[in-house]
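Fair warning: this is a prediction, and the values are worked out from it, not measured in the lab.
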Number of protein chains: 2
Amino acid sequence: MIESFNIERRQIHEQIYENLKNAILNGQIKPGQKLSQDELAKSFGTSRMPIRDALRLLQSDQLVETLPNKGFTVVEFSEEKLKDTFFFRSILEREAVKLAKGRLTSQDIENLDFLVAKMDECIDQGNLTEMPQLNHEFHLTIYNAIPSQKMLETIKMLWEVFPRYAMFSTNENAIASQTKHKGIIEAIKEDNYDLAAQLMEKHIQMTNVWPNIIQKEGI
Amino acid sequence: MIESFNIERRQIHEQIYENLKNAILNGQIKPGQKLSQDELAKSFGTSRMPIRDALRLLQSDQLVETLPNKGFTVVEFSEEKLKDTFFFRSILEREAVKLAKGRLTSQDIENLDFLVAKMDECIDQGNLTEMPQLNHEFHLTIYNAIPSQKMLETIKMLWEVFPRYAMFSTNENAIASQTKHKGIIEAIKEDNYDLAAQLMEKHIQMTNVWPNIIQKEGI
DNA sequence: AATAAAACAATTATTTGCAATTTTCAAGCA
DNA sequence: TGCTTGAAAATTGCAAATAATTGTTTTATT
């Protein structure tokens, strides 16, 4: 008897990988924290091998660091690294907007409108918890249209370098972002992708304000 | 008695990682080839554990693929993937040249001159074996000046996606590349980085000619 | 002879155990 | 008190063993 149609059988290390990644990005595991193989093995109910597999992948993602015979720790977030990442993102995402020209469907643009409207709702209701996810979808809707898979992968990777909990900490940030989002949509609708790209670049650069993003006591 | 100043002790899996990576990039291990954990363990004289550590890192680098219960294989290079990579590179490296403005030292520019001269020598002597390394140094000399570490890392990563043995297969390629290299240096010396960037973009795009790069029988 | 079932072989995934290294912490010494 | 030393404890790195999965060949049945 067939038990299930779940084609994609998930290996233990894959599940651990995703669990740990989410835990780091959601801030349940804090920067600088030591990741003991034994402890993780116990809490996941496995041996240390799949833990190591997962940690090696996270190491490549630069979410954890390792020293010989010392083990793995969650990477610390420095102001320098943050500025670097946002600077690179501002360039990449500016170019991504340019590349989206002629490739965004009317369906996509409707979706952008929808997402911005939903974010406005969030702000009105004073509930910012869903903002990061909606914001992420907004940006990805544009970038998904670009013709380079590698470029898209790189952008996605850069979105997963800092913990999500650290974004959109204030209402002001959210409102300022929305202004830019609307400007970008408008420019896109007018087929003025150069303007849209410029706005995107500034939008990303603007987000790069250390005290607004990471509240030190939060870490 | 002090035994050694070798602070950075190299672990087995790191050595295996670099060995395998070089073997893949130099074409000693061919695309599509299966990487049996047992065989690798035997040939490296270790157990399978450090082999797995190394393979997981290579998996993140997208140099090998893995299927559950089937093991690891060296990734195949498709024309599509190659075009994608070179397209992305042409954008990144164009922007990198722009960012190098005001940051390249006279020492750097001297070095660029030196490298181009050396590549000319290679061509004159009909010995193209050193070309890939010199070409790599030429490009990296420029990119090392850019202010974003992440961007530099990304560019370096993209240079390590395809086997080195597949580059500069013909004399014509080398000569054409040199023309662009000289143009780029000239523009840089005139402080015309916009032109240099344009030339770089075209230079990378030009290299993206499938039959010239990968000779199918070579794989 | 064709097909299905079953045993077998090969390989990977995971667990377990051991050796080597680092950390901790208390005792000894200046 | 402050620094060094050294042994115990904890943890990692590696090796070897076991379990699970896949692919193939053999065997049995129709």
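Rounded to an integer number of Å, the gap from His13(B) NE2 to dT12(D) P is 14 Å. Following rounding to the nearest Å, Gln15(B) (CD) and dG13(D) (P) show an atom-to-atom distance of 14 Å. If you take CD1 of Ile12(A) and P of dA19(D), they are 15 Å apart, rounded to a whole angstrom. Protein atom CD of Gln11(A) is 10 Å distant from nucleotide atom P of dT22(D), rounded to whole Å. With rounding to whole Å, Asn69(A) atom CG is found 5 Å from dT21(C) atom C1'.
No more than 12 heavy-atom neighbours from other residues, nucleotides or ligands sit within 6.0 angstrom of NZ on Lys202(A).
For the 3.5 Å distance criterion, the side chains of Gln149(A) and Glu80(B) fail to qualify, holding no donor opposite an acceptor. Between the side chains of Ser148(B) and Asp84(A), at least one donor N or O lies within less than 3.5 Å of an accepting N or O. Using a 3.5 Å distance cut-off with no hydrogens or angles, the side chains of Glu137(B) and Gln133(B) do pair a donor with an acceptor. In summary, the side chains of Thr129(A) and Asn127(A) do present a donor paired with an acceptor at a separation below 3.5 Å, with no hydrogens or angles considered. A side-chain N or O of Asp61(B) and one of Tyr17(B) form a donor-acceptor pair less than 3.5 Å apart.
Between Lys118(A) and Glu130(A), no side-chain nitrogen of the basic residue sits less than 4.0 Å from a carboxylate oxygen of the acidic one, so the salt-bridge criterion is not met. The residues Glu79(A) and Lys83(A) are annotated as salt-bridged, a charged nitrogen and a carboxylate oxygen being separated by less than 4.0 angstrom. A salt bridge does not link Glu39(B) with Lys42(B): every distance from a Lys NZ or Arg NE/NH1/NH2 to an Asp or Glu carboxylate oxygen is 4.0 Å or more. Ion pair Lys156(B)/Glu153(B) not flagged as a salt bridge, since none of the NZ, NE, NH1 or NH2 atoms sits closer than 4.0 Å to an Asp/Glu carboxylate oxygen.
In this structure, Lys70(B) reaches the dG23(D) phosphate: one of its side-chain N or O atoms is under 4.0 Å from OP1 or OP2.
Picking from dA15(D), dT12(D), dT16(C) the nucleotide with the shortest atom distance to the side chain of Ser47(B) gives dA15(D).
Of the residues in residues 48-61 of chain B, Met49(B), Pro50(B) come within less than 4.0 Å of DNA chain D through at least one heavy atom, sorted by number. For the segment residues 32-43 of chain B, no residue has any heavy atom less than 4.0 angstrom from an atom of DNA chain D.
Note on the helix from dA1(C)-dT30(D) to dA30(C)-dT1(D): angle between the axes of the first and last five pairs equals 10°, rounded to 10 degrees.
Less than 6.0 angstrom separates the ring centroid of Tyr143(A) from the ring centroid of His139(A).
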